[in-house]
Visitor: 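This is the structure, below, for whatever I ask next.
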Amino acid sequence: MNEHKPEESLKIENIVASAKVTESLDLPSLASQLKDAEYNKKRFPGVVLRMQDPKIAALIFGSGKVVLTGAKSIDSLSRGLEILGDQLRALGIDIPENLTYKIQNIVTSADLGTPINLNKIAVGFNLDKIEYEPEQFPGLVYRLDDPKVVVLLFGSGKLIITGGKVPEDARRAVQRILSELSNLGLI
Amino acid sequence: RLRKWQRRIRVSNATERNLAFALSELDRMASALGLPRNVRETAAVVYRDAVDKNLIRGRSIEGVAAAALYAACRQCSVPRTLDEIAEVSRVSRKEIGRTYRFISRELGLKLLPTSPIDYVPRFCSGLNLKGEVQSRAVEILRQAGERELTSGRGPTGVAAAAIYISSILGGERRTQREVAEVAGVTEVTIRNRYKELAEKLDVEIIL
DNA sequence: AAGTTACTTTCAAAAGC
DNA sequence: GCTTTAAAAAGTAACTT
């Protein structure tokens, strides 16, 4: 399917973003009024709100700050924040109309289309940027400086790129890995 | 000044006391695991190097000692899994692994991933298998490595499967359960690895 | 033996211990 | 460092059927 075009196999699997929706929130009342809200101050200081539409989980804090996770696209992330704003406004809370957010992390999957030998990569790549402990985890952990992301490489040729701030980071990471692998004759 | 001397003596005492404790810990764990003296000495060197580079800061002596022992086993080609080290330590497997990564990087140990081959002697002796069966298992693993059948798989599981196969080929069959026991993996894992090795290495086995 | 569930690794933010 | 969220990769583990 994507065997010959790794770049076309790029798929955003999860986006984590933060935002500030207001100055302060009364979490106990929020938790009791919102249907899918969960709140255990002993367990975690924020309210956990699960949305179904764009399947997103929101962590709401007393400071008015929020964390959104689970979005599979920037568009659904935006919609999720809008929906959250509407739900809070429906409770009589003053929430600005144009909420802004900051993407903190994007998790992307990709496929090189060819199996790779992790042992050889572990020897050929810069040792201090790699961690490969098959006893612990089947993936090889490769930390890139530019783009500043962490890539998990699997023997199947599939990858997970995480730590990026923009979708482009994943594409550049795959591009860089492909050239490094070909330079070492490992692909 | 006298103060300065007292301080030096105090620091020196604490340092020596900590080192003595660490060394006794290394010895206790090594004994519990039945590790030879060269491994204990290697671990002691790793630990001392870690102390000299102030890598103990913010870490427990026991954690660093356990990580040093784990590293020493690998350096000496007689690997123990993190779980095995954790069993004789008071520190969790997670903490040992984290500390190992840290000292490994800071001391530039440059350890390659553990090879399944290094587990063969220990597992085979645990199963009372002769050198011939052992050699055959090593050969199977060598081929498995070349054919990329070890990427991402647990070294102990692959080694166990190879030994299972060689024990049958050598006419000294050990059951999957027996091999699983000494290797510390499940029978399911041995079965999965064994099937893969058998079909991709055309090592036909008649049961 | 097959299935299912779950845990390992990576990442980032939030408030507080 | 921990707690909580989400998600993928592939291997291994632990239960149930």
Side-chain angles (χ1 to χ4, degrees), chain A residues 9-21 24-25 27 38-51 54-72 76-77 80 101-112 115 118 131-144 148-165 169-170 173, chain B residues 58-60 63 81-83 92-95 97-98 101 150-158 160 176 180 183-193 195-196:
Chain A
S9 69
L10 288 170
K11 181 188 175 191
I12 292 178
E13 303 286 358
N14 181 29
I15 299 178
V16 179
S18 57
K20 180 156 188 170
V21 298
S24 71
L25 289 167
L27 300 187
E38 183 185 314
Y39 184 45
N40 297 299
K41 187 160 190 170
K42 328 286 292 179
R43 196 180 178 211
F44 189 67
V47 167
V48 178
L49 210 210
R50 290 163 208 284
M51 300 176 18
K55 188 168 177 293
I56 288 172
L59 303 180
I60 308 168
F61 300 88
S63 62
K65 289 184 178 179
V66 162
V67 171
L68 299 173
T69 69
K72 295 234 178 235
S76 63
L77 168 63
Y101 59 81
K102 184 189 179 193
I103 292 180
Q104 303 289 355
N105 179 29
I106 297 180
V107 180
T108 305
S109 61
D111 190 351
L112 296 179
L118 302 183
E131 276 178 40
Y132 176 46
E133 298 291 336
E135 175 201 315
Q136 178 107 137
F137 185 69
L140 181 152
V141 182
Y142 185 26
R143 290 163 199 283
L144 304 199
K148 190 181 179 306
V149 299
V150 172
V151 181
L152 303 182
L153 296 93
F154 297 86
S156 63
K158 295 203 175 165
L159 324 171
I160 295 297
I161 303 89
T162 187
K165 300 288 190 192
D169 288 341
Chain B
R59 264 163 277 271
S60 70
T81 63
L82 279 179
D83 282 325
S92 71
R93 194 222 64 196
K94 188 168 186 173
E95 176 65 20
R98 177 191 302 146
R101 271 178 246 158
T150 60
S151 265
R153 279 102 187 174
T156 55
V158 186
Q176 294 182 357
V185 297
T186 63
E187 295 169 70
V188 177
T189 294
I190 290 189
R191 212 167 290 136
N192 291 334
R193 294 301 129 240
K195 286 177 185 169
E196 190 171 53

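Note that these values count all heavy atoms, side chains included, but never hydrogens, waters or copies made by symmetry.
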Visitor: Whole-Å distance between D:dT4 C1' and A:Lys65 NZ?
Guide: 17 Å

Visitor: Looking at the side chain of B:Arg101, which of D:dT5, C:dC11, C:dT9 is the nearest nucleotide?
Guide: C:dT9

Visitor: At less than 4.0 Å, is any side-chain N or O atom of B:Arg59 found next to OP1 or OP2 of D:dG1? Yes or no.
Guide: no

Visitor: Just verifying a value: how many Å separate A:Ser63 OG and A:Lys20 NZ, rounded to the nearest 0.5 Å?
Guide: 6.0 Å

Visitor: Would you indicate what B:Gly184 reaches in the nucleic acid, counting non-hydrogen atoms under 4.0 angstrom: base, sugar-phosphate, or nothing?
Guide: sugar-phosphate

Visitor: Categorize A:Val149 for me: base, sugar-phosphate, or nothing, with a 4.0 angstrom heavy-atom threshold over every strand shown.
Guide: nothing

Visitor: OP1 or OP2 of C:dT9 sitting under 4.0 Å from any side-chain N/O of A:Gln136?
Guide: yes

Visitor: Taking atom P in both C:dC7 and D:dT3, compute the distance separating them and give it to the nearest angstrom.
Guide: 13 Å

Visitor: Check this one for me: any side-chain N or O of A:Ser18 less than 4.0 Å away from OP1 or OP2 of C:dA14?
Guide: no

Visitor: Between atom CZ in B:Arg93 and atom P in C:dC7, what is the gap in whole Å?
Guide: 13 Å

Visitor: Side chain of B:Thr189 only, heavy atoms from C-beta on: which candidate in C:dA12, C:dA14, D:dA13 is closest?
Guide: D:dA13

Visitor: So if I take every side-chain heavy atom of A:Val150 and compare against D:dA13, C:dT10, D:dT5, which nucleotide ends up nearest?
Guide: C:dT10

Visitor: Nearest whole angstrom, please: distance from the C1' of C:dT8 to the OH of A:Tyr132.
Guide: 14 Å

Visitor: Are B:Glu95 and B:Arg59 ion-paired here, with the side-chain N under 4.0 Å from a carboxylate O?
Guide: no

Visitor: Taking CG from A:Leu68 and P from C:dA13, how many angstroms apart are they, rounded to a whole number?
Guide: 15 Å

Visitor: Is any side-chain heavy atom of A:Leu68 less than 4.5 Å from a side-chain heavy atom of A:Tyr101?
Guide: no

Visitor: Give the rounded distance in Å between these two atoms: CD of A:Gln104 and P of D:dT5.
Guide: 19 Å

Visitor: When you measure from the side-chain N and O atoms of B:Arg98 to the phosphate of D:dC2, is any distance below 4.0 Å, counting only OP1 and OP2?
Guide: yes

Visitor: For A:Ile60 and D:dA6, what is the distance between atoms CD1 and P respectively, to the nearest whole Å?
Guide: 14 Å

Visitor: Report yes if at least one side-chain N or O of A:Arg143 is closer than 4.0 Å to OP1 or OP2 of C:dT9; otherwise report no.
Guide: no

Visitor: Between A:Pro45 and A:Val16, which residue's closest nucleotide on DNA chain C lies nearer the 5′ terminus?
Guide: A:Val16

Visitor: With rounding to whole Å, what would you report as the distance between D:dG1 and C:dT9 at their P atoms?
Guide: 13 Å

Visitor: Rounded to the nearest Å, what distance is computed from the CD1 atom of residue A:Ile15 to the P atom of nucleotide C:dC11?
Guide: 18 Å

Visitor: Is A:Val149 close to A:Thr108 at the side-chain level, that is, under 4.5 Å between some pair of heavy atoms?
Guide: no

Visitor: Would you give the length of the straight line joining atom CD1 of A:Ile60 to atom CG of A:Leu25, rounded to the nearest 0.5 angstrom?
Guide: 7.5 Å

Visitor: For nucleotides 7-10 of chain D, print each protein N/O atom paired with a nucleotide N/O atom at under 3.5 Å, atom names and distance only.
Guide:
residue	atom	partner	partner atom	Å
D:dA7	OP1	A:Lys55	NZ	2.6
D:dA7	O3'	A:Lys72	NZ	3.3
D:dA7	N3	A:Asn14	ND2	3.3
D:dA10	OP1	A:Ser156	OG	2.4

Visitor: Could you tell me the separation between the CG atom of A:Asn14 and the OG1 atom of A:Thr69, rounded to the nearest 0.5 Å?
Guide: 6.0 Å

Visitor: 5'-most contact on DNA chain D: A:Leu59 or B:Glu196, nearest heavy atom basis?
Guide: A:Leu59

Visitor: Less than 4.0 angstrom from a charged side-chain N to a carboxylate O is my criterion; do B:Arg101 and A:Glu133 meet it?
Guide: no

Visitor: When you check the phosphate oxygens OP1 and OP2 of D:dT12, does a side-chain N or O of B:Arg193 lie under 4.0 Å from one of them?
Guide: yes

Visitor: Distance check needed: D:dA6 C1' versus A:Ile12 CD1, whole Å only.
Guide: 14 Å

Visitor: Can a donor-acceptor pair be found between the side chains of A:Ser109 and A:Glu13 at a distance below 3.5 Å?
Guide: yes

